[in-house]
Amino acid sequence: LNKVAAACYEDIVIDFGAGALPGDRLPKLLIGVSGLVKSMGMAMSVVASADAQKMLSGFEETKGIKVYGSLQEARAALG
């Protein structure tokens with residue numbers, strides 16, 4: 001994250017689309033990463049499956065995280 005922020009990027013996309021998700025630890029992981037990203041003045045989006053999107057929407061702390069079904073969708077949303 002430090003290198004991304006130092007390169008003056010404003011947004012970060014975390015892609016869980018192609019790999020195994022950390023299961024029930026995903027919300028806790030994203031809450032921590034989201035806090036770091038915000039403290040560095042960046043915004044975060046996540047690429048994940050529909051099941052992961054549903055799980056994240058069930059937690060107050062993660063339901064505001066932008067989650068997309070594909071990397072292409074996330075990139076298009078960033079403009």
Side-chain angles (χ1 to χ4, degrees):
L1 288 176
N2 288 330
K3 289 182 180 182
V4 174
C8 297
Y9 286 100
E10 296 177 2
D11 303 287
I12 187 167
V13 177
I14 300 174
D15 187 358
F16 289 109
L21 290 173
D24 59 343
R25 294 178 292 174
L26 181 62
K28 187 174 182 177
L29 170 70
L30 290 179
I31 291 167
V33 172
S34 178
L36 289 171
V37 168
K38 286 179 184 176
S39 73
M40 294 178 168
M42 297 186 297
M44 180 181 80
S45 299
V46 175
V47 176
S49 68
D51 288 339
Q53 291 179 26
K54 184 177 178 181
M55 177 179 50
L56 293 172
S57 69
F59 293 94
E60 189 66 33
E61 301 88 350
T62 58
K63 70 180 182 182
I65 294 175
K66 298 174 195 170
V67 183
Y68 299 95
S70 71
L71 188 55
Q72 292 78 15
E73 287 178 50
R75 286 181 176 161
L78 294 176

Looking at every heavy atom in both [X] and [Y], which two are closest together, and how far apart are they?
{"X": "A52", "Y": "L26", "answer": "CB-CD2, 4.0 Å"}
{"X": "Q53", "Y": "A48", "answer": "NE2-O, 3.3 Å"}
{"X": "V33", "Y": "M44", "answer": "CG1-SD, 3.7 Å"}

### Query
Can you name the side chain to side chain donor-acceptor pair (under 3.5 Å) partners of K54, sequence neighbours left out?
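K54: no side chain to side chain donor-acceptor pair (under 3.5 Å) contacts found.
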[X] versus [Y]: any side-chain heavy-atom pair under 4.5 Å?
{"X": "L78", "Y": "V13", "result": "yes"}
{"X": "V4", "Y": "M40", "result": "no"}
{"X": "L30", "Y": "E61", "result": "no"}

### Task
Please check if the side chain of S34 supplies one atom and the backbone of I31 the other of a donor-acceptor pair under 3.5 Å.
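Not a single qualifying donor-acceptor pair exists.
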### Message
Distance check, rounded to the nearest 0.5 Å: T62 atom OG1 versus L29 atom CG?
### Response
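Nearest 0.5 Å value for the OG1-CG distance: 11.0 Å.
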### Query
Who pairs with K38 by salt bridge (Lys or Arg N to Asp or Glu O under 4.0 Å), at least two apart in sequence or on another chain?
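K38 satisfies salt bridge (Lys or Arg N to Asp or Glu O under 4.0 Å) with no residue once adjacent residues are dropped.
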Please table the atom pairs, donor to acceptor, closer than 3.5 Å between any side-chain atom in residues 63-77 and protein atoms at least two apart or in another chain.
unit_1	atom_1	unit_2	atom_2	d
K63	NZ	E60	OE1	3.2
S70	OG	E73	N	3.1

